[in-house]
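Proteins come first, then strands; the chains are lettered A, B, ... in the order of their sequence lines, and each starts at number 1. Computed from a predicted structure; not experimentally measured.
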2 protein chains.
Amino acid sequence: MAESQEKEQPRRRQARGERRIAQLLEAAASVFCTTGYTAASTNAIAREAGVSPGTLYQFFPNKEAIAIELGDRLMHEMRDTFGEALAPVDPATPLEEAVGAAVDRFIAFNCDHPVFFALMHGPDIPGHMAEEHDALHATLLARIEGLLSSLLPDARPVDLGRTAHMCLGLYKAGLELVLAHEGAERDAYVRELKNVLIRYLEPLAAGRPGPARDSGAEATGVR
Amino acid sequence: MAESQEKEQPRRRQARGERRIAQLLEAAASVFCTTGYTAASTNAIAREAGVSPGTLYQFFPNKEAIAIELGDRLMHEMRDTFGEALAPVDPATPLEEAVGAAVDRFIAFNCDHPVFFALMHGPDIPGHMAEEHDALHATLLARIEGLLSSLLPDARPVDLGRTAHMCLGLYKAGLELVLAHEGAERDAYVRELKNVLIRYLEPLAAGRPGPARDSGAEATGVR
DNA sequence: GACAAACGCGAGTGGTCGCTCGCATTCTGG
DNA sequence: CCAGAATGCGAGCGACCACTCGCGTTTGTC
C-alpha cells in the first residue's frame, strides 16, 4: 500500500516526446477553443498537430487526459503570473484600485489563453473533469472571498460567500463580452465590467478609506 | 414559384398526433435540461416520452427541428406572458421599480421554463439553430435598448448598445446563480442581481425623477 | 364495414468518434 | 554498433448516434 496510488511511471520521455506533448496540447487548445471540448475529436487534434491518432494516444491515455493536462498547465501558469499577489490586499487600498487591478490581470490572462474560458464555460464537462472544474471554481471563490473580506470587513460571512459568487459570475459574463470584441470596443467593455463590480461593491464598503464618497456620477468613474 | 417556399403540408394531424408532439416536446425539454442539446440523443428523448425512435421521426424531420419547435413555443409563451408590457416604460418610472419588475418577470419565466436557459446558454448550437438563437438575442437586446433609452434619455446610442449588452450578460450571469439555488437563497440572489443592475445603471440616469439620490448605502436596498 | 391515411414500432443503416494494435522508424545506453 | 525502448503510423474495432424502412395498428370518413 506504499506506492500503490502512483502505480507506474517507468516511462522515460525523450526530448522529442516532450515536444510532441507541447505540440499536441497547443493543437488541443486551438481545437477546444473553436469547437468546445465535447465536439472536439481526438482525430481533429492529431490532425491539427500534424501527427497520427496513434501518436496522440502514445502520450495521453484518453481525450479527457488532454484537457486535464491542459487545465493543469493553465493553472500553473495562472499561479505563476500573479501567484499570491491577488488574494491578499492592503485593507487601505481604494476599492476602485483593487477591483481595477484584479480585473485587468484576469482579463489579460484570459485574453492570452482563450482556452481557459472555453474549458471553464463549457457545459460539456464529462465525468472526472468536473472535479478539476469544481476545484478551480472553489479556489477562485476562496480567493475572491478573501479579497472581499479585506475590502469589506463589516460583511457577514454568509453574505460574503454570496457576494463572491456574484462577483465571479459577473466577471465571467463580462469576460464573454470582452472576448467577443476587439480593440477600442474591447477596452470599453473592460471599463464597463469594472464599473459594474465597483458600483456593486461600493455600497457594501461603508466607512472605508479612499476618495470621499459623494453623490456625483463622474466621481465613480463613468468615463 | 408561387408556393414553392412552403412546399408541403398535406399532413393532416389527428388529436393523437398533437398529443404526441406535446409529449415529445416535454420529454425533449427534460432531456435538454439535464444533458444539453448536443449530448441529448433522440433515442433518449423518445425513451423519455415512452415512444419508439420511429415515432419521434414521424413528427419531427430531425433533432434540430425539435429544439427549434421548442424554442418557438417558448418564444410565443414568453410574448404571451408579458407581451409588449416589457419594452416600453413610462419615463417617469423610478429606475429601481423598472429594473425590479423586469428582472422579476424574466426570472419567473426562466424558473418556470429552465429549458430556455439550457437552449440559450448552450455553446453547442449547430448550424441552423444559431439563426434562431441570434434572432432571439437581437430581439432581447432591442427590447432592453428600448427600455434603457426611455430610462436614460441622455445616453449616446453607441454607449446604449454596449450598456444593453452588459445588462443582458449580467442578467444571464445572475440567472445562472438564481437557478443554481432554491428557496431563500434563490431570493437572495435575485435581490443581488437587482442590486447589480440598479447600481450599474444608476449613475447613468442623471437628473431623472425618483427618490432623491444621496450617498447612503441603505437607501439603495442593501438589505 | 371498408378504405385510406395517420400513427406506432424497433431492428437496421451509414457515419463518426474514441481508442487499439501490429509494425516500421528513430533514439539512447552500454 | 547493437539490443531495447521510445516514437510514429494508420487501418481498423466496437460503440453510439441520427435517422430510415417495412409492416402492423388505430382512426377518421363515406
**Student:** Between F60(A) (CZ) and dT20(C) (P), how many Å, whole number?
**Tutor:**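 Spelled out: CZ on F60(A) to P on dT20(C) is 15 Å.
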**Student:** Is there a side-chain contact between C167(A) and L197(A), using heavy atoms and a 4.5 Å cut-off?
**Tutor:**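 Counting from C-beta outward, C167(A) and L197(A) do come under 4.5 Å.
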**Student:** Kindly assign one of parallel, tilted or perpendicular to the pair F109(B) and F116(B), based on the angle between their ring planes and the thresholds 30° and 60°.
**Tutor:**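 Perpendicular: the ring planes of F109(B) and F116(B) meet at over 60°.
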**Student:** Looking only at side-chain N and O atoms, does R20(A) come under 4.0 Å of OP1 or OP2 in dA6(D)?
**Tutor:**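 The answer is no; no side-chain N or O of R20(A) sits under 4.0 Å from OP1 or OP2.
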**Student:** Only one of R19(A), R20(A), E26(A) clears side-chain hydrogen bond (donor to acceptor under 3.5 Å, both in side chains) with Q23(A); which?
**Tutor:**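 Among R19(A), R20(A), E26(A), the one that satisfies the side-chain hydrogen bond (donor to acceptor under 3.5 Å, both in side chains) with Q23(A) is R20(A).
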**Student:** With 3.5 Å as the limit, what N/O pairs link the protein to nucleotides 12-19 of chain C?
**Tutor:**
| unit_1 | atom_1 | unit_2 | atom_2 | d |
| --- | --- | --- | --- | --- |
| dG18(C) | OP1 | A40(A) | O | 2.9 |
| dG18(C) | OP1 | K63(A) | NZ | 2.9 |
| dG18(C) | OP2 | T42(A) | N | 2.7 |
| dG18(C) | OP2 | T42(A) | OG1 | 3.3 |
| dC19(C) | OP2 | Y57(A) | OH | 2.8 |
| dC19(C) | OP2 | K63(A) | N | 2.7 |

**Student:** From CD of E18(A) over to P of dG8(D), roughly how many Å is that when rounded to an integer?
**Tutor:**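 Between P of dG8(D) and CD of E18(A): 12 Å.
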**Student:** Of all the heavy-atom pairs spanning L160(B) and S149(B), show the shortest one and how long it is.
**Tutor:**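 So the two residues come closest at CD2-CB, 3.6 Å.
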**Student:** Side chains of N43(A) and R47(A) only: does a donor on one sit below 3.5 Å from an acceptor on the other?
**Tutor:**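 No - no donor-acceptor pair under 3.5 Å links their side chains.
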**Student:** What pairs meet the side chain to side chain donor-acceptor pair (under 3.5 Å) rule with one or both residues in residues 180-190 of chain A, with sequence neighbours excluded?
**Tutor:**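 For residues 180-190 of chain A, and leaving out neighbouring residues, the side chain to side chain donor-acceptor pair (under 3.5 Å) pairs sorted by first residue read E185(A)-R162(B).
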**Student:** One pair to check against salt bridge (charged side-chain N to carboxylate O under 4.0 Å, His left out): E69(A) and R73(A). What are the steps and the verdict?
**Tutor:** CA-CA 6 Å; E69(A) 178 64 23; R73(A) 299 206 176 188; 2.8 Å; yes
**Student:** If I take atom CZ in residue R19(A) and atom P in nucleotide dA6(D), what distance separates them, rounded to the nearest angstrom?
**Tutor:**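 Roughly 17 Å, once rounded to whole Å.
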**Student:** Using nucleotides 23-30 of chain C, report all nitrogen or oxygen pairs with the protein that are shorter than 3.5 Å.
**Tutor:**
none

**Student:** Rounded to whole angstroms, how far apart are CD on Q58(B) and C1' on dC23(D)?
**Tutor:**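 Atom-to-atom, Q58(B) to dC23(D), this comes out as 13 Å.
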**Student:** Take the protein atom CZ of R47(B) and the nucleotide atom P of dA18(D), then report the distance between them rounded to whole Å.
**Tutor:**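 These atoms are roughly 11 Å apart.
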**Student:** Mind listing the closest non-hydrogen atom pair of E64(B) and Y37(B) along with its distance?
**Tutor:**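 Distance-wise, the nearest heavy atoms are CA-OH, 3.1 Å.
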**Student:** Could you tell me whether G17(B) contacts a base, only the sugar-phosphate backbone, or nothing, with contacts defined as non-hydrogen atoms closer than 4.0 Å?
**Tutor:**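 Sugar-phosphate contact only - G17(B) comes under 4.0 Å of backbone atoms but never of a base.
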